[in-house]
Colleague: 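Before anything else, here's the structure in question.
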Amino acid sequence: MPTALITGITGQDGLYLAELLLEKGYEVHGVIRGQNNPKLDLVHTLLPDVRLHNGDLTDMSSLIRALRDSDPDEVYNLGAVSFVAYSWENAQLTTDVTAKGVLNMLEAVRLHTGDKPAGIRFYQASSSEMFGKVQEVPQHEHTLLWPRSPYGVSKVFGHYMTINYRESYGMHASSGILFNHESPRRGPEFVTRKISEAVARIKLGLQDELVLGNLDAERDWGFAGDYVEAMWLMLQQPQGDDYVVATGETHSIRDFLDEAFRHIGVDDWATYVRQDPRFMRPAEVDRLIGDASKAREVLGWKPRVSFPELVAMMVDADLAATRGGW
């Protein structure tokens, strides 16, 4: 039975990945920060077979303990301060966790494996936000990185540190450059979930307005449940490498609104949506679209859930959750 250790197991990717690995017969361990973590009960409910370890990406000694106690074959480093807007408000914490946390995890793995550096296969959650001020369309593994937020800068650090450990120590270390991926488990602070929740509440007569920032930003949106399969496939390859994971389609926030409101029978959402400059980014990433040819050819991976299906899934989940909360 292979064993995996996941940081960031309370996030949408961590939950879907843990489910996937359990289905494949893995023994799954997760690192969780804090005894009173608000998502602890969620993990226990959804993943009762996962063993949890207290740890923090800013504390290497806790990571070394988690590795010692789980002795994994694979490590998936998904933990991060992942809300881009927040990264401007607290750039230092974002850097400590999202950038230096990767270094801490890599070094803990290197120390744990000793004279067998490839003894643990390591996955780093890189991000399309690294492309930032995009230098070519679509973006692929060799596109110049030009991050436009403290979050993006932190992800670039972690990405190159992963490459450096792979090249310096012979570690089996891979980075998945994942483009935007959403699900009903997405945090409510993210724009896609903010829209799906609001649309559900508008449908049920509990809300009459949705306030957003830039409606013209374009993203390559996929389903998180599809994307975690690509993470696993990367660690099944003979050598570590870097892969873009994306759908190859781009849609604007307006497109997302079109699909979400159409799903509840509203063709013109203009009367429900208001823009507010407070929700504009200081430096916007305008158009992200990924070229996942390498993942398709090497890993045999492709997305299964379409953009309209993803939006409908999220709205339906929020409709059910909102009705259930009455």
Colleague: Could you walk me through whether V75 and R121 pass the side chain to side chain contact (heavy atoms under 4.5 Å, CB included) check?
Modeller: CA-CA 6 Å; V75 168; R121 298 189 172 197; over 6 Å; no
Colleague: Heavy-atom count around Q92 CD within 6.0 Å, excluding the residue itself: above 12?
Modeller: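 No - once you tally the heavy atoms of other residues, nucleotides and ligands closer than 6.0 Å, there are 12 at most.
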Colleague: Could you tell me whether the side chains of E107 and Y165 share a donor-acceptor contact shorter than 3.5 Å?
Modeller: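 Yes.
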Colleague: Using only heavy-atom distances, determine whether the side chains of R185 and Q12 contain a donor-acceptor pair under 3.5 Å.
Modeller: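 Distance-only check fails for R185 and Q12.
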Colleague: Quick one: do the D241 and S174 side chains pair a donor with an acceptor below 3.5 Å?
Modeller: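 Short answer, no.
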Colleague: What's the shortest heavy-atom distance between E197 and P188, and which atoms?
Modeller: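 In this case the closest contact between E197 and P188 is OE1-CB, 3.6 Å.
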Colleague: I'd like to know if the side chain of E141 reaches the main chain of V244, judged simply by a donor and an acceptor atom lying under 3.5 Å from each other, with no hydrogens or angles considered.
Modeller: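 Between the backbone of V244 and the side chain of E141 there is a qualifying donor-acceptor contact (under 3.5 Å).
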Colleague: So, T250 versus D220: side-chain donor-acceptor pair below 3.5 Å or not?
Modeller: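 Checked: T250/D220 side chains show no N/O donor-acceptor pair below 3.5 Å.
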Colleague: Is it the case that T192 and E182 place a side-chain donor and acceptor less than 3.5 Å from each other?
Modeller: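 E182 and T192 do have a side-chain donor-acceptor pair below 3.5 Å.
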Colleague: Can you spot which of Y26, Y76, Y123 makes a side chain to side chain donor-acceptor pair (under 3.5 Å) with W232?
Modeller: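 With W232 as partner, side chain to side chain donor-acceptor pair (under 3.5 Å) holds for just one option, Y26.
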Colleague: Take L17 and I6 through the test side chain to side chain contact (heavy atoms under 4.5 Å, CB included) and record every step on the way to the result.
Modeller: CA-CA 9 Å; L17 177 62; I6 303 171; 3.9 Å; yes
Colleague: Between R166 and D242, does any NZ, NE, NH1 or NH2 come within less than 4.0 Å of an OD or OE carboxylate oxygen?
Modeller: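 The answer is yes: the pair qualifies as a salt bridge.
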Colleague: Return each pair, listed once, that meets ring-ring contact (aromatic ring centres under 6.0 Å, His included) where at least one residue sits in residues 140-164; pairs must be two or more places apart or across chains.
Modeller: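 Qualifying pairs, neighbours excluded: none.
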Colleague: Taking CD in Q239 as the centre, count heavy atoms belonging to other residues, nucleotides or ligands within less than 6.0 Å. Is the count above 12?
Modeller: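 Incorrect, the count does not exceed 12.
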Colleague: Applying the 4.5 Å side-chain criterion to the ILVMFWY set and letting contacts propagate, would I289 and L144 be lumped into a single cluster?
Modeller: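 Unlinked, I289 and L144 end up in two clusters.
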Colleague: Using side chain to side chain contact (heavy atoms under 4.5 Å, CB included), reason through H44 and V50 one step at a time and then give a plain yes or no.
Modeller: CA-CA 8 Å; H44 283 315; V50 170; over 6 Å; no
Colleague: Strictly by side-chain hydrogen bond (donor to acceptor under 3.5 Å, both in side chains), give each pair with a member in residues 295-307 just once, sequence neighbours left out.
Modeller: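 Of all non-adjacent pairs touching residues 295-307, those that pass side-chain hydrogen bond (donor to acceptor under 3.5 Å, both in side chains) are E229-R304, S293-R296, S306-E309.
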Colleague: Taking a hydrophobic cluster as the set of Ile, Leu, Val, Met, Phe, Trp and Tyr residues connected by side-chain heavy atoms closer than 4.5 Å, whether directly or through intermediates, do L47 and V28 fall within one such cluster?
Modeller: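 Result: yes, single cluster for both.
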Colleague: Could you grab the distance from atom CG of D69 to atom CD1 of I64, nearest 0.5 Å is fine?
Modeller: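 Going from the CG atom of D69 to the CD1 atom of I64 covers 12.0 Å.
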Colleague: Would you say M171 ends up clustered with L111 if hydrophobic residues are merged whenever their side chains have heavy atoms under 4.5 Å apart, either directly or through other cluster members?
Modeller: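 Not linked; separate clusters.
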Colleague: At what distance, to the nearest 0.5 angstrom, does CG of L299 lie from NZ of K294?
Modeller: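 L299 CG to K294 NZ: 8.5 Å, rounded to 0.5 Å.
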Colleague: Backbone N or O of P72 within a donor-acceptor pair of the E74 side chain at under 3.5 Å?
Modeller: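 Not confirmed, E74 side chain does not pair with P72 backbone.
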Colleague: What are the two closest heavy atoms between M314 and S183, and how far apart are they?
Modeller: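 Heavy atoms of M314 and S183 come nearest at CE-O, 3.5 Å.
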Colleague: Does some side-chain heavy atom of L210 sit less than 4.5 Å from a side-chain heavy atom of K194?
Modeller: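 Contact flag for K194/L210 side chains = yes.
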Colleague: Would you kindly say whether H112 and D71 are connected by a side-chain donor-acceptor distance under 3.5 Å?
Modeller: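 Their side chains do contain a donor-acceptor pair, which is all the 3.5 Å distance test asks for.
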Colleague: Between E136 and T143, do the side chains contain a donor N or O and an acceptor N or O under 3.5 Å apart?
Modeller: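 Side chains of T143 and E136: pair found under 3.5 Å.
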Colleague: Report yes if the side chains of Y243 and I177 come closer than 4.5 Å at any heavy-atom pair, otherwise no.
Modeller: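 No, their side chains stay 4.5 Å or more apart.
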Colleague: Apply the test side chain to side chain contact (heavy atoms under 4.5 Å, CB included) to residues T113 and V109: give CA-CA distance (whole Å), side-chain angles for both, the deciding distance (0.1 Å), then the verdict.
Modeller: CA-CA 6 Å; T113 54; V109 169; 4.3 Å; yes
Colleague: Are side-chain heavy atoms of I253 and N214 found at a separation under 4.5 Å?
Modeller: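 Side chain of I253 against side chain of N214, heavy atoms only: no contact under 4.5 Å found.
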Colleague: Would you mind reporting whether L57 and N104 have side-chain heavy atoms less than 4.5 Å apart?
Modeller: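 N104 vs L57: side chains apart.
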Colleague: For T7 and N77: C-alpha separation, side-chain torsions, deciding distance, then whether side-chain hydrogen bond (donor to acceptor under 3.5 Å, both in side chains) applies.
Modeller: CA-CA 5 Å; T7 71; N77 186 44; 2.7 Å; yes
Colleague: Are the side chains of M231 and L178 in touch, meaning some heavy atoms are under 4.5 Å apart?
Modeller: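 A side-chain contact exists here, since the closest heavy-atom pair is under 4.5 Å.
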Colleague: Same hydrophobic cluster for L93 and M60, using side-chain heavy-atom links shorter than 4.5 Å among ILVMFWY?
Modeller: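 L93 and M60: separate clusters.
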Colleague: In Å and rounded to the nearest 0.5 Å, what is the CG to OG distance from D96 to S154?
Modeller: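 It is 9.0 Å, given to the nearest 0.5 Å.
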Colleague: Do you know which two heavy atoms are closest between G290 and A246, and how far apart they sit?
Modeller: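 Closest heavy-atom pair between G290 and A246: CA-CB, 3.7 Å.
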Colleague: May I ask you to check if R193 and F190 form a cation-pi contact, with NZ or CZ under 6.0 angstrom from the six-membered ring centre and within 45° of the axis?
Modeller: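 No, R193 does not lie over the aromatic ring of F190.
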Colleague: Would you check if the side chain of S252 reaches a backbone N or O of D255 as a donor-acceptor pair within less than 3.5 Å?
Modeller: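 Indeed, once roles are kept as given, a pair shorter than 3.5 Å links the two residues.
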Colleague: At their closest point, which heavy atom of H53 faces which heavy atom of A66, and how far apart are they?
Modeller: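 Minimum heavy-atom separation between H53 and A66: CB-CB, 4.1 Å.
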Colleague: Within this structure, what is the CE-CG distance for the pair M1 and D73, rounded to the nearest 0.5 Å?
Modeller: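 M1 CE to D73 CG: 11.0 Å, rounded to 0.5 Å.
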Colleague: Got D276 and L212 here, is their nearest side-chain heavy-atom distance under 4.5 Å?
Modeller: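 D276 does not reach L212 side chain to side chain.
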Colleague: Determine, for E129 against K155, whether the closest basic-nitrogen to carboxylate-oxygen distance falls under 4.0 angstrom.
Modeller: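 Salt bridge flag = no for K155 with E129.
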Colleague: When you compare the side chain of S149 with that of W88, does any pair of heavy atoms fall below 4.5 Å?
Modeller: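 They are in side-chain contact.
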Colleague: Quick check for you: to the nearest 0.5 Å, what is the distance between H181 atom NE2 and D226 atom CG?
Modeller: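 One gets 11.0 Å once the value is rounded to the nearest 0.5 Å.
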Colleague: Any side-chain donor-acceptor pair under 3.5 Å between S196 and D318?
Modeller: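 Note: S196 and D318 side chains meet the donor-acceptor criterion.
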Colleague: Please list, chain by chain and in numerical order, all residues satisfying salt bridge (charged side-chain N to carboxylate O under 4.0 Å, His left out) with D258, sequence neighbours excluded.
Modeller: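 Per chain and number, D258 pairs via salt bridge (charged side-chain N to carboxylate O under 4.0 Å, His left out) with no residue.
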Colleague: Using the ring of each side chain (for Trp, its six-membered ring), is H251 parallel, tilted or perpendicular to F307, with breaks at 30° and 60°?
Modeller: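 Taking F307 first and then H251, their aromatic rings lie parallel (interplane angle under 30°).
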Colleague: Any side-chain heavy atom of H263 within less than 4.5 Å of one from D316?
Modeller: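 Side chain of H263 against side chain of D316, heavy atoms only: contact under 4.5 Å found.
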Colleague: For residues I9 and A18, report the shortest heavy-atom separation together with the two atoms involved.
Modeller: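 Scanning both residues completely, I find the closest heavy atoms to be CD1-CB, 4.2 Å.
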Colleague: Check whether L233 and V298 end up in the same hydrophobic cluster, where Ile, Leu, Val, Met, Phe, Trp and Tyr are linked by side-chain heavy atoms less than 4.5 Å apart.
Modeller: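 Both belong to a single hydrophobic cluster.
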Colleague: P184 and A317: which non-hydrogen atoms are nearest, and at how many Å?
Modeller: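 Result for this residue pair: CB-CB, 3.5 Å.
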Colleague: Between CG of L235 and CG of L21, what distance do you get to the nearest 0.5 Å?
Modeller: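 Taking CG in L235 and CG in L21, the distance rounds to 9.0 Å.
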Colleague: Verify, without hydrogens or angle tests, whether T98 (side chain) and T95 (backbone) share a donor-acceptor contact under 3.5 angstrom.
Modeller: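 No, T98 side chain to T95 backbone: no donor-acceptor pair under 3.5 Å.
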Colleague: Can you confirm whether Y272 is buried at OH, in the sense that more than 12 heavy atoms of other residues, nucleotides or ligands lie under 6.0 Å from that atom?
Modeller: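 No, because the 6.0 Å sphere around OH of Y272 holds 12 heavy atoms or fewer from other groups.
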